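Right, one structure below, let's go through it.
Because the structure is predicted, anything quoted here is derived from the model rather than measured.
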Amino acid sequence: MKTEVMEKSGQTTMDRTAAEIISESLPKAIGYGMYREMVHQLASEGKTTGPDQTASLVNYTQLNNRRLKRWDKTLRLSEEQKAQITLSEKKMTWLVLTESWCGDAAPSMPVMNRIAELNPNIDFKILLRDENLELMHRFKTKGALSIPKLIALDTESGEVIADWGPRSGGATKMVEAYKKEHGKLSPEFKEDLQLWYNSDKGQDILKDLLELLALK
């Protein structure tokens, strides 16, 4: 999904309540390394994040543990992309809401992390959605609590610059077209979407996030 800058008519600067929620939430956020360790531990124990410890969600957590490991190893950026990332001087906090079972998070979070590794001005932090529903309700996608949801903050002012998620532009078009024809996503479509992510090699996600980096 394309990044969306908040409109001047009331959302460019967060209202007091939203600012307070984010301020209270940030100290609870963890880094990517700790998140990866948590997902790995949960997968090995046959558990998942969130209150629903169902077999399907545990299975998705185990799948995502393998997917995250693969993406961390195989993600490649061009020299031009690396240069674009390192040239960004704006100090930002990328706060991401997700869960260990989220299939769309597996390809996108390694891309976010790689960008943050290349640019020390970006502080990449992660919160679990179901433990932070008050914040999640502020950043719904078409009325849904869709994840992953990246909230880009000006680190110095705390102002929300933009938000992104739960999918890149290309993936969003695929999902919307399928829903229009079939009503809801099938397990088969979700597998096809993961194959598309693999064939795309993170480039569609990277394109969206580079646009976010360019925001002032």
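- Cluster membership check: V58 does not share its hydrophobic cluster with W101, using side-chain heavy-atom separations under 4.5 Å among Ile, Leu, Val, Met, Phe, Trp and Tyr.
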* Would W94 and K125 satisfy side chain to side chain contact (heavy atoms under 4.5 Å, CB included), going step by step from the backbone distance to the final call? -> CA-CA 6 Å; W94 283 7; K125 296 292 186 181; over 6 Å; no
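- In this structure, CG on L185 lies 12.5 Å from CD on E191, to the nearest 0.5 angstrom.
- Nearest heavy atom pair, residue A152 against residue L212, reads CB-CD2, 3.8 Å.
- Side-chain atoms of E45 never come within 3.5 Å of backbone atoms of L42 as a donor-acceptor pair (strictly under, hydrogens ignored).
- Counted within 6.0 Å of CD on E156, heavy atoms from surrounding residues, nucleotides or ligands total 12 or fewer; the atom is thus considered open.
- Not one N or O on the side chain of S88 forms a donor-acceptor pair closer than 3.5 Å with the backbone of I85.
- Summarising the geometry of Y178 relative to K184, their closest heavy-atom pair is CE2-O, 3.3 Å, with the distance given to 0.1 Å.
- A heavy-atom distance below 4.5 Å is found between the side chains of C102 and P148.
- Rounded to the nearest 0.5 angstrom, Q81 CD and L118 CG are separated by 10.5 Å.
- Separating the OG atom in S108 from the CG atom in L68 is a distance of 9.0 Å, to the nearest 0.5 Å.
- Checked for salt-bridge contact, R114 and E117 meet the test: a charged N lies under 4.0 Å from a carboxylate O.
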* Report the C-alpha distance between T86 and N119 in whole Å, list the side-chain angles of each, state the deciding distance to 0.1 Å, and finish with yes or no for side chain to side chain contact (heavy atoms under 4.5 Å, CB included). => CA-CA 5 Å; T86 56; N119 190 324; 5.7 Å; no
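- Surrounding NZ of K28 are more than 12 heavy atoms belonging to other residues, nucleotides or ligands, all under 6.0 Å away.
- The existence of a salt bridge linking D154 and K91 is excluded, since no basic side-chain nitrogen approaches an acidic carboxylate oxygen closer than 4.0 Å.
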* To do: Test K47 against T61 for side chain to side chain contact (heavy atoms under 4.5 Å, CB included), laying out the working first.
  => CA-CA 8 Å; K47 297 179 181 178; T61 291; over 6 Å; no
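- Taking each heavy atom of L77 and K82 in turn, the nearest pair found is O-CE, 3.6 Å.
- Across M112 and L209, no two heavy atoms sit closer than the pair CG-CD1, 3.7 Å.
- Rounded to the nearest 0.5 angstrom, R36 CZ and M109 CE are separated by 9.5 Å.
- Nearest heavy atoms, D130 versus P51: OD2-CD, 3.6 Å.
- Looking at F124 and I115, their side chains never come closer than 4.5 Å, going by heavy atoms from C-beta outward.
- No donor-acceptor pair under 3.5 Å is formed between the side chain of R67 and the backbone N or O of P107.
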* Asked: Can you check side chain to side chain donor-acceptor pair (under 3.5 Å) on T141 and K149, steps first, answer last?
  -> CA-CA 9 Å; T141 302; K149 175 64 74 169; 3.0 Å; yes
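- No side-chain donor-acceptor contact under 3.5 Å links E134 to the backbone of I21.
- For the pair V96/L127, no side-chain contact is recorded, criterion being any heavy-atom separation below 4.5 Å from C-beta on.
- The structure places OH of Y197 at 5.5 Å from CD1 of I205, a figure rounded to the nearest 0.5 Å.
- In this structure, Q53 contributes its side chain and T48 its backbone to a donor-acceptor pair below 3.5 Å.
- Contact of the L75 side chain with the L206 side chain is not registered, since no non-hydrogen atoms from C-beta on lie closer than 4.5 Å.
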* Apply the test side chain to side chain contact (heavy atoms under 4.5 Å, CB included) to residues L97 and N132: give CA-CA distance (whole Å), side-chain angles for both, the deciding distance (0.1 Å), then the verdict. => CA-CA 8 Å; L97 291 155; N132 296 273; 4.0 Å; yes
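- Contact annotation: the side chain of M92 never approaches that of D123 to less than 4.5 Å [non-hydrogen atoms, C-beta and beyond].
- Of the possible donor and acceptor atoms, none in the side chain of T93 sits under 3.5 Å from a partner among the backbone N and O of L95.
- Side chains of D72 and Y32 form a contact here, defined as non-hydrogen atoms less than 4.5 Å apart.
- In this structure the side chain of S23 never reaches within 4.5 angstrom of the side chain of E20, judged on heavy atoms.
- At least one side-chain heavy atom of I161 sits less than 4.5 Å from a side-chain heavy atom of K90.
- Between the side chain of D200 and the main chain of Q203, a donor-acceptor pair closer than 3.5 Å is present.
- With rounding to the nearest 0.5 angstrom, the CE atom of M38 is 11.0 Å from the CG atom of N65.
- Distance alone, capped at 3.5 Å, places no donor-acceptor pair between the T98 side chain and the A105 backbone.
- In this structure a side-chain-to-backbone donor-acceptor pair under 3.5 Å is present from T49 to S100.
- Between E176 and K179, no side-chain nitrogen of the basic residue sits less than 4.0 Å from a carboxylate oxygen of the acidic one, so the salt-bridge criterion is not met.
- Closest non-hydrogen pair, D204 versus G170, comes out as OD2-N, 2.6 Å.
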